Amino acid sequence: MSRYTHGQHRSVTDSYRWRNAANSTAYALDEMVPGRSLLDVGCGPGTITVDLAQRVAPGPVTAVDSSSEAVDLARATAKEAGVDTIDFQVHDAHDLRLPDDTFDVVHAHQVLQHVSDPVRALAEMRRVARPGGVVAVCDSDYSGMFWYPRPPELDAWMSLYQRVARANGGEPDAGRHMVAWAHAAGFTDVTYVSEAWSHSSPERRTWWGRMWAARILESDMGRQALAEGYATRQELEDISAGWTRWSQDPDAVFVIPRGALVCHA
């Protein structure tokens, strides 16, 4: 089994809360039709889930995550938004304890990069989708990310992230593998598109840099890097300081490419 590289520290989960259907699921919004049943795999703190639930209402929504802590956060997000139609459950994406042919749409955002067997996870999503239904998945590609300026601390961050993520059984460059994974999972009707997040406006740059400056020190990734000897505390401090300096540069840009699939079951 894989280990979730980022963990559930607040520096991680809070950073996910800016995500919504518009900025994270644009490639699949045409499938989010009122009345359709939806399964959201890897719901995290639930901001995308709640947005999608409002779009498919009155269709039933089930949201799952392998972390009970994440599921509790997602329940709280739904309650705060006044959405009480989502059934939250704890499930492993490799083994969805749900009946065959159940959902019109199965959605997973930033999940396949973290699982040990993405083909099996996609096969499970295919199994629980109804005939004629849709599986919509999206993942970033770390090696395809680019930024400016290029301080050595951010190169060190990328190298460290790749090492930790792969040690945990994940594939940080998932975005480029998704079509192959979908075909291996048995899908034949597959549409691939690319999208990108840009953290390059002054406010996004400041937020992104400050977030990673804290996250490299506080999240499971940083703690694991220390525990397993991938980095010293001083090296993590240097990466954190590099992120802070980068965030203060008015010329700075950061772009995250994302691969997305719409697969018909």
Side-chain angles (χ1 to χ4, degrees), residues 2-19 23-24 42 44-45 67 109-116 118 138-178 194-259:
S2 58
R3 173 181 176 181
Y4 184 48
T5 297
H6 300 292
Q8 301 297 327
H9 189 273
R10 186 168 180 176
S11 63
V12 175
T13 57
D14 281 357
S15 75
Y16 294 164
R17 293 187 181 279
W18 75 278
R19 299 174 180 176
N23 65 31
S24 300
S67 165
H109 181 264
Q110 300 286 79
V111 171
L112 296 180
Q113 65 185 279
H114 297 295
V115 300
S116 60
C138 184
D139 269 271
S140 55
D141 190 301
Y142 272 73
S143 289
M145 295 179 186
F146 65 88
W147 56 89
Y148 178 88
R150 190 137 190 171
E153 294 87 354
L154 267 64
D155 287 336
W157 163 79
M158 173 59 73
S159 179
L160 182 62
Y161 182 83
Q162 292 268 356
R163 186 176 184 185
V164 173
R166 294 184 191 284
N168 288 337
E171 175 47 76
D173 298 339
R176 68 190 65 188
H177 293 277
M178 297 173 72
S194 59
E195 297 189 339
W197 282 330
S198 178
H199 299 302
S200 305
S201 66
E203 61 275 10
R204 296 299 305 165
R205 180 182 68 242
T206 299
W207 171 80
W208 183 247
R210 288 178 178 174
M211 181 274 294
W212 267 111
R215 190 159 151 182
I216 193 66
L217 300 175
E218 299 170 351
S219 72
D220 282 8
M221 176 197 166
R223 288 195 291 267
Q224 184 182 350
L226 284 174
E228 299 188 11
Y230 299 151
T232 65
R233 180 68 184 185
Q234 185 59 58
E235 287 169 334
L236 296 183
E237 294 280 1
D238 290 345
I239 292 172
S240 176
W243 272 112
T244 298
R245 287 193 298 273
W246 174 88
S247 73
Q248 295 168 345
D249 191 319
D251 297 328
V253 300
F254 199 105
V255 175
I256 302 174
R258 305 159 67 234

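Because the structure is predicted, anything quoted here is derived from the model rather than measured.
For Tyr142, the ring-ring contact (aromatic ring centres under 6.0 Å, His included) criterion is met by Tyr161, not counting sequence neighbours. Under the side-chain hydrogen bond (donor to acceptor under 3.5 Å, both in side chains) criterion, Glu218 pairs with no residue at all, not counting sequence neighbours. Listed by chain and residue number, Trp18, His199, Ser201, Trp207 satisfy the side chain to side chain contact (heavy atoms under 4.5 Å, CB included) test with Arg204 (two or more places apart in sequence, or in another chain). Qualifying salt bridge (charged side-chain N to carboxylate O under 4.0 Å, His left out) partners for Glu195, counting only residues two or more places apart in sequence or in other chains: Arg258.
Not a single donor-acceptor pair under 3.5 Å links the side chain of Ser240 to the backbone N or O of Leu236.
Contact annotation: the side chain of Met221 never approaches that of Tyr230 to less than 4.5 Å [non-hydrogen atoms, C-beta and beyond]. At a threshold of 4.5 Å between non-hydrogen side-chain atoms, the residues Leu112 and Glu171 do not count as touching. No side-chain heavy atom of Asp139 sits less than 4.5 Å from a side-chain heavy atom of His177.
Side-chain atoms of Ser24 and Gln110 include no donor-acceptor pair closer than 3.5 Å.
Put simply, OG on Ser219 and OH on Tyr4 are 9.5 Å apart, with the number rounded to the nearest 0.5 Å. A distance of 9.5 Å separates CZ in Phe254 from CZ in Phe146, rounded to the nearest 0.5 Å. The distance from the CG atom of Asp249 to the OG1 atom of Thr244 is 13.0 Å, given to the nearest 0.5 Å.
Residues Ile256 and Ser140 approach most closely at CG2-CB, 3.7 Å, considering heavy atoms. Minimum interatomic distance between Asp173 and Asp141 (heavy atoms only, all atoms of both residues): O-OD2, 3.3 Å. For the pair Val255 and Pro257, the tightest heavy-atom approach, listed with the atom from each and the gap, is O-CD, 3.7 Å. The shortest heavy-atom contact between Ala225 and Val164 is CB-CG2, 4.3 Å. Taking each heavy atom of Pro151 and Trp246 in turn, the nearest pair found is CD-CD1, 4.5 Å.
Annotation: Arg176, atom CZ; neighbour count of heavy atoms from other residues, nucleotides and ligands within 6.0 Å is above 12.
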Under 3.5 Å, which donor-acceptor pairs do the side chains of residues 152-159 form with other protein atoms, sequence neighbours left out?
from: Glu153; atom 1: OE2; to: Arg245; atom 2: NH2; distance (Å): 2.7
from: Asp155; atom 1: OD1; to: Arg150; atom 2: NE; distance (Å): 2.6
from: Asp155; atom 1: OD1; to: Arg150; atom 2: NH2; distance (Å): 3.1

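In this structure, Arg205 does not pair ionically with Asp251, as no charged nitrogen and carboxylate oxygen lie closer than 4.0 Å.
Within the structure, the salt bridge (Lys or Arg N to Asp or Glu O under 4.0 Å) test picks out the following pairs touching residues 219-242 (sequence neighbours left out): Arg3-Glu228, Asp220-Arg223, Arg233-Glu237.
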Stepwise side chain to side chain contact (heavy atoms under 4.5 Å, CB included) check, Trp208 with Trp243: CA-CA 9 Å; Trp208 183 247; Trp243 272 112; 3.6 Å; yes
Check against side chain to side chain donor-acceptor pair (under 3.5 Å), Gln113 and Thr5: CA-CA 10 Å; Gln113 65 185 279; Thr5 297; over 6 Å; no
